[in-house]
Amino acid sequence: MSSPVAAPYVPQEIEPKWQSFWVAERTYEVDNDDPRLLAGRGYYVLCMYPYPSGAAHMGHVRNYTFGDLLTRYRTMQGDAVLSPMGFDSFGLPAENAAIKTGVHPREFTDARIAELTNSLTRIGCVYDWRREVRSHNPEYIRWTQWIFLRMWEAGLAYRATAPVNWCPGCQTVLANEQVIDGRCERSDDFVEKRDLEQWFFKITDYAQQLLDDLELVDWPERVVIQQRNWIGRSEGAEFDMVICDASGAQRADGLSMRVFTTRPDTSFGMTFCVLAPDHELVEVITADEHRGEVAAFVEATRQMREIDRLSTEGPIDKRGCRTGAYALNPFTGQAVPIFLADYVLSTYGTGAIMAVPGQDQRDWDFARAYDLPIIRTVEPPSEWTGEAYTGEGPAINSEWLNGLDVAAAKAAAIDWLEAQGIGERTVNYRLRDWLLSRQRFWGCPIPILYCPDCGLRAVPDDELPVLAPDDVEFRPTGESPLRLHEGFLHATCPDCGGPATRETDTMDTFVDSSWYYLRFADPASDAPFRANEVAKWLPVDQYIGGAEHAVLHLMYARFFTKALSDLGYVPTDLREPFRRLFTQGLIRLGGTRMSKSKGNLVAPEDIVNTYGADTLRLAHLATKPPAEDVDWEDFGLEGCARFLARLWRLAVPDNDLRGGDRSGPTTDADAVVESGRHRLIAEVTKDFERWSYNTAVAKFMAEVNDLYRYVQTADGPHGATLDAAIDSVLVLLAPACPHLTAELWARRHDGEHVHELTWPAADPAMLVADHVEIPVQVDGKVKARLSVPADADAAAIEATALADERIVELLGGREPARVIVVPGRLVNVVRS
RNA sequence: GCCCGGGUGGCGGAAUGGCAGACGCGGCGGACUCAAAAUCCGCUGUCCGAAAGGACGUGUGGGUUCGACUCCCACCCCGGGCACCA
């Protein structure tokens, strides 16, 4: 007699079948009038939309595995789950490829999108593809431009000059990435800083809200802190200082300069002032005998490469320059010299500072280099051996501030400045306005016209989108081909009908990604989105992406949401776009980050072809907590493949593990299996909720190990008990390994679909055993074990423990000093 | 320099005040096989011991507690982020 030959597990055969099924059956499409959504059971899962660079890499697989698991899990929980996908399809690589190969960026990009879409499907990820967006599609461009114009009308977009990287050889602006060690990556010329007209978004208007509203989101602490630091709020005071000569004599024009400080309490210790080299007063105040020196210093700073300017190394005496002018310290009436220094930035505060070397290490170093006096105004602790002291302490050498602590002295100093009418309390932010214009082709054109008579004019809404022409020549200059395209450049002024020229700059791709999550909620309308439809889904319930976007993308998207909310295009109470954020760890190989440029990629497709998508997905879940970085070398691929094959052999109909099933009444051993099944339901659910996928996988493996032992017991398994256990494993595993579970469920249940089932609930009664085994410690070390009724009280447990043979022996007839009983947990007998 | 993570067997990790090392990898042994692979079963922190058992053990040093990987203080090391922001 031969045992039946069960079908072997061949993922390559079953996976494509189910992938087609989910698309054909529209399993994961969801409408905005879905009854579950209208009943308050909507759930918006969003993975950061990818830049389409070709087939998926391991980082994508990790990201989208988490997203897909959540989509399928929440759906089984009964939610209407919005799970959209799109492509951040503008950007430099496509343009560089065009320059290199002549292939149009659109053609190149669409081909990469097809590859990426294909790999997403191949790893079993499901989306509502009807809602797909691509940044470079004309409809999307249209609405990006529309939003830009609304921002412009609201005064939130403006033009201003800003320093940019200029290559004199190529006669063009370079992106920061194209500047290598201060030289142009193409021509090798030294790159200069040039002031050019650029477009900005006024994100600084929202600095305080962007800071405050971090309270409203459930994000990783680390990301919140990074956002906070980036906004960089600092409180202090600004005040005016009268310019004078060395003797303290005021100038005829009565000129003064304004400084910003966070430490007005230390003003009595001010022994010099510093201006940024590009401060507007430099030219005016410089004394004649210092003009040559100052001009040379200003020019040198201008030419200095960013990397040097930001370096704290190098001799400090080369980093400053005397102006020969002085300023009156209003607190003391003393004249202090004014210096220039490259470390003072014109873009922060007032571009001018008072220097207090006693309380600031930079000022201390500078004072030492230029032989300037140092006066301490905060008493350091007696054991203090350092230089500048920035800590707490009573004010000294400060006349009427003496004895006050730092906070009180600050307040008193500011009150005094305000009373004198020369200054006031101020708040400064490190956050700068967002420079959004790029001198690039493959981006969203900025829909603005320049009319010689009417000035800046918006392209009328009914002429949107402004699309870049296809017949452009991609030159290896780094300059946008749009500027050289006569047909694009020349247009008609909408106001006077005269000739106008088009803006040829395009938008930063972060603009596209600042509103795509809104479009997903309402993708097909004759507006970018409608507030009432947005209100149904937003804020995103769970946003998933890489930690590298912790600052820029999230900050910009938050800004857009707030601005669009204020402008009435999204609901007024939608102040934050992403309620919960999860940032996944990086994937490394042999300790270094996987990247194309390092050539150390592991292609997911190869793994899928050999092991199957379910094994790869499971390995991503099993290896480590999802937030942590993970090395490909540590992936337990073999273990996961073995586990799935083991599960298949156990669950597939007509398998040769089964045969001697019992039926009829159940035994104690069966009850253990049944309660194990309920425990698995409870624990996996809990682990899924807290994103502890690695421990969930461990519990699946332990359960299958238990069931193997159960199948092989001498009496044989109770058939119904075993099948219930196997079914529970399949249902619980369905979000993680969708293909294998779908296939096995269909085979076991007459073509039913596991993903359409309701998520199971554990029976609480099945989770409590009637007896529990608890350890008995003596002086904190486990010496015995007791089996006691689960509901036994402390006194009963103590009595049982003290009667235990081994405990009696260890006590040697003495009374224990103390007995700690934690019912259901343990007993600790303390001897001394 | 500042901020944030993290240090647990041969390896990835589990345990968030209560049995340290779940689960996986690797290793060892057994079953099946002519044999091997695959598969199935078992063992596997270190040291002492034939065993029973004992001692030690979560980066280091202290502390709190009946009890600490877990909480507190100080320090060392690794990873990441920001970095002249007045």
Side-chain angles (χ1 to χ4, degrees), chain A residues 220-226 228-230 232-234 236 259-263 266 273-274 276 309-314 316 319 341-345 347-356 359-363 365-366 428-432 547-548 550-551 585-586 588 591 593 618-619 622-625 627-631 633-640 642-643 645-646 649 656-657 683 692 694-705 708-709 711-712 773-785 816-822 824-832:
Chain A
E221 184 67 13
R222 183 174 34 88
V223 176
V224 170
I225 289 168
Q226 280 187 69
R228 227 178 252 144
N229 291 343
W230 192 260
R233 179 191 158 100
S234 61
V259 296
F260 171 72
T261 180
T262 54
R263 295 295 303 273
T266 65
C273 284
V274 188
R309 199 175 144 91
L310 294 178
S311 157
T312 44
E313 274 138 48
I316 190 130
R319 306 189 57 204
D342 60 11
Y343 67 78
V344 174
L345 310 172
T347 47
Y348 185 77
T350 61
I353 61 163
M354 69 172 199
V356 185
Q359 264 70 234
D360 183 291
Q361 189 60 41
R362 249 171 325 152
D363 294 348
D365 295 339
F366 198 86
N428 256 297
Y429 299 92
R430 222 184 65 120
L431 183 70
R432 300 292 148 75
E548 67 274 18
V551 179
L586 289 175
R588 306 173 198 280
R593 185 180 178 165
L618 191 68
T623 303
K624 248 188 160 181
E628 289 178 28
D629 291 353
V630 57
D631 202 298
E633 289 175 355
D634 297 328
F635 265 60
L637 212 54
E638 288 294 343
C640 291
R642 233 171 260 169
F643 163 73
R646 236 164 111 78
R649 283 192 298 273
D656 51 13
L657 287 172
E683 290 181 353
S692 184
N694 55 334
T695 55
V697 172
K699 283 156 195 167
F700 281 121
M701 290 174 169
E703 174 73 3
V704 169
N705 290 346
Y708 262 69
R709 278 179 223 114
V711 169
Q712 294 171 44
E773 188 181 76
I774 62 171
V776 183
Q777 300 179 330
V778 173
D779 295 337
K781 294 190 175 168
V782 179
K783 296 294 179 182
R785 285 166 198 290
R818 202 175 156 188
V819 180
I820 313 287
V821 180
V822 185
R825 303 291 312 193
L826 58 41
V827 179
N828 189 11
V829 179
V830 186
R831 285 189 292 194
S832 53

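The shown structure was predicted, so the numbers you read here are calculated from the model rather than taken from an experiment. All chains are named by letter (A, B, ...) in the order of the sequence lines, taking the proteins before the strands, and each is independently numbered beginning at 1.
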*Asks:* How about V782(A) and V776(A): do any of their side-chain heavy atoms sit closer than 4.5 Å?
*Replies:* no

*Asks:* So what does Q226(A) hit on the nucleic acid, given a heavy-atom distance under 4.0 Å: a base, only sugar-phosphate, or nothing?
*Replies:*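 If one applies the 4.0 Å heavy-atom cut-off, Q226(A) turns out to touch the sugar-phosphate alone, with no base involved.
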
*Asks:* Write down the partner of rA14(B) under the Watson-Crick or G-U wobble criteria, each distance required to be under 3.5 Å.
*Replies:* none

*Asks:* Would you measure the distance from the P atom in rC43(B) across to the matching atom in rG24(B) and give it in whole Å?
*Replies:*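 One P to the other, the span is 12 Å.
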
*Asks:* Taking the C1' atom in each of rC72(B) and rG13(B), what is the distance between them to the nearest angstrom?
*Replies:* 27 Å

*Asks:* Assign rG57(B) to syn or anti; the rule is syn for a glycosidic angle within 90° of 0 and anti otherwise.
*Replies:*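 Judged by the O4'-C1' to base torsion, rG57(B) sits in anti, the angle falling more than 90° away from 0.
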
*Asks:* Taking only the side-chain heavy atoms of R818(A) (C-beta and beyond), determine which of rC66(B), rC19(B), rA83(B) contains the nearest atom.
*Replies:* rC66(B)

*Asks:* For side-chain contact (heavy atoms from CB on, under 4.5 Å), just list the numbers for Q777(A) and I820(A), CA-CA rounded to whole Å, side-chain angles, deciding distance to a tenth of an Å, and then say yes or no.
*Replies:* CA-CA 9 Å; Q777(A) 300 179 330; I820(A) 313 287; over 6 Å; no

*Asks:* Using the C1' atom on both, measure rC66(B) against rG12(B) and round to a whole Å.
*Replies:*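 It works out to 35 Å between them.
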
*Asks:* Between K699(A) and N428(A), which has a closest nucleotide on RNA chain B that is more 5'?
*Replies:*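 This one resolves to K699(A).
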
*Asks:* Respond yes when some side-chain nitrogen or oxygen of K783(A) is under 4.0 Å from OP1 or OP2 of rG54(B), and no when none is.
*Replies:*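 K783(A) to rG54(B) OP1/OP2: side-chain N or O found under 4.0 Å.
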
*Asks:* Using purine N1 to pyrimidine N3 plus N6-O4 or O6-N4 for Watson-Crick, or N1-O2 and O6-N3 for G-U wobble, both under 3.5 Å, which nucleotide pairs with rU46(B)?
*Replies:* rA55(B)

*Asks:* Can you see which heavy atom on M354(A) is nearest to which on T266(A), and at what distance?
*Replies:*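 Reported closest heavy-atom pair: CE-OG1, 3.7 Å.
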
*Asks:* Please report the distance separating the P of rG7(B) from the corresponding atom of rA83(B), rounded so that it comes out in whole Å.
*Replies:*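 These two P atoms come out 28 Å apart once rounded.
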
*Asks:* Round to a whole Å and report the spacing from CG of D779(A) to P of rA55(B).
*Replies:* 11 Å

*Asks:* Please verify the inter-ring angle class for Y348(A) with F260(A); under 30° counts as parallel, over 60° as perpendicular, anything in between as tilted.
*Replies:* perpendicular

*Asks:* Could you tell me how far apart I820(A) (CD1) and rC19(B) (P) are, to the nearest whole angstrom?
*Replies:* 15 Å

*Asks:* Does the structure show a Watson-Crick or G-U wobble partner for rG67(B), both distances under 3.5 Å? Name it, or say none.
*Replies:* none

*Asks:* Expressed as a whole number of angstroms, how long is the span from Y429(A):OH to rC82(B):P?
*Replies:* 22 Å

*Asks:* Can you give one letter per nucleotide of nucleotides 2-15 of chain B, 5' to 3': B if a protein heavy atom sits under 4.0 Å from the base, S if only from the sugar-phosphate, - if neither?
*Replies:* -SS-------SSSS

*Asks:* Quickly work out the Q777(A) CD to rG18(B) P distance and round it to whole Å.
*Replies:* 11 Å

*Asks:* Considering all heavy atoms of both residues, which atom of A619(A) and which atom of L637(A) are nearest to each other, and what is their separation?
*Replies:* CB-CD1, 3.6 Å

*Asks:* For the side chain of R588(A), starting at C-beta, report the closest nucleotide among rG18(B), rG79(B), rA86(B).
*Replies:*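 Output: rG79(B).
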
*Asks:* Please work out if K781(A) contacts a base, only the sugar-phosphate, or nothing of the nucleic acid, heavy-atom cut-off 4.0 Å.
*Replies:* sugar-phosphate

*Asks:* Quick check: closest heavy atoms across V697(A) and A622(A), and the distance to 0.1 Å?
*Replies:* CG1-CB, 3.6 Å

*Asks:* Does the side chain of E683(A) reach to within under 4.5 Å of the side chain of T695(A), using non-hydrogen atoms?
*Replies:*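 With C-beta onward as the side chain, the pair stays apart.
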
*Asks:* Looking at rC85(B), rA83(B), rC23(B), which one has an atom nearest to any side-chain atom of L345(A)?
*Replies:*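 Of rC85(B), rA83(B), rC23(B), rC85(B) is nearest to the side chain of L345(A).
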
*Asks:* Would you mind classifying the nucleic acid contact of G639(A) as base, sugar-phosphate or nothing, using non-hydrogen atoms under 4.0 angstrom?
*Replies:* sugar-phosphate

*Asks:* Sticking with atom P, work out how far rU8(B) lies from rC78(B), rounded to a whole angstrom.
*Replies:* 14 Å

*Asks:* Tell me whether D629(A) contacts the main-chain N or O of G585(A) through its side chain, where contact means a donor paired with an acceptor under 3.5 Å.
*Replies:* no

*Asks:* I need the CG-C1' distance between L826(A) and rA20(B), as an integer number of Å.
*Replies:* 14 Å

*Asks:* Less than 4.0 angstrom between a side-chain N/O of R362(A) and OP1 or OP2 of rG1(B), yes or no?
*Replies:* no

*Asks:* Does rG79(B) have a Watson-Crick or wobble partner in any strand here, with both distances under 3.5 angstrom, and which is it?
*Replies:* rC4(B)

*Asks:* Between V829(A) and P816(A), what is the shortest heavy-atom contact and its length?
*Replies:* CG1-CB, 3.6 Å

*Asks:* Could you state the CD-P distance from E703(A) to rA22(B), rounded to the nearest angstrom?
*Replies:* 18 Å

*Asks:* Do R646(A) and N705(A) have a side chain donor and acceptor closer than 3.5 Å?
*Replies:*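 Yes, a side-chain donor-acceptor pair sits under 3.5 Å.
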
*Asks:* With sequence neighbours excluded, what pairs up with F635(A) under the ring pair (Phe, Tyr, Trp, His ring centres under 6.0 Å) test?
*Replies:*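 For F635(A), the residues satisfying ring pair (Phe, Tyr, Trp, His ring centres under 6.0 Å) (neighbours in sequence not counted) are H620(A), W632(A).
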
*Asks:* Looking at rG29(B), which nucleotide sits across from it as a Watson-Crick or G-U wobble partner, both distances under 3.5 angstrom, or is there none?
*Replies:*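 Partner of rG29(B): rC41(B).
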
*Asks:* Using a 4.0 Å heavy-atom cut-off to protein, can you give one letter per nucleotide of nucleotides 37-42 of chain B, 5' to 3': B if the base is in contact, S if only the sugar-phosphate is, - if neither?
*Replies:* --SSSS

*Asks:* Using the C1' atoms only, state how far rU58(B) lies from rA15(B), rounded to an integer number of Å.
*Replies:* 11 Å

*Asks:* Could you tell me whether a side-chain N or O of D363(A) sits under 3.5 Å from a main-chain N or O of V356(A), the two making a donor and an acceptor?
*Replies:*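 Confirmed, D363(A) side chain pairs with V356(A) backbone.
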
*Asks:* What's R432(A) touching, base or sugar-phosphate or nothing? Going by heavy atoms closer than 4.0 Å.
*Replies:* base

*Asks:* Can you check the distance between rC28(B) and rG45(B), where both ends of the measurement are the C1' atom (answer in whole Å)?
*Replies:*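 About 16 Å, rounded to a whole number of Å.
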
*Asks:* Rounded to whole angstrom, note down the P distance from rA86(B) over to rG18(B).
*Replies:*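 The same atom, P, in both gives a distance of 43 Å.
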
*Asks:* Report the distance from atom CZ of R785(A) to atom P of rG18(B), rounded to the nearest whole Å.
*Replies:*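 To the nearest whole Å, that distance equals 16 Å.
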
*Asks:* Using whole Å, what does the distance between atom P of nucleotide rG67(B) and atom CZ of R825(A) come to?
*Replies:* 18 Å

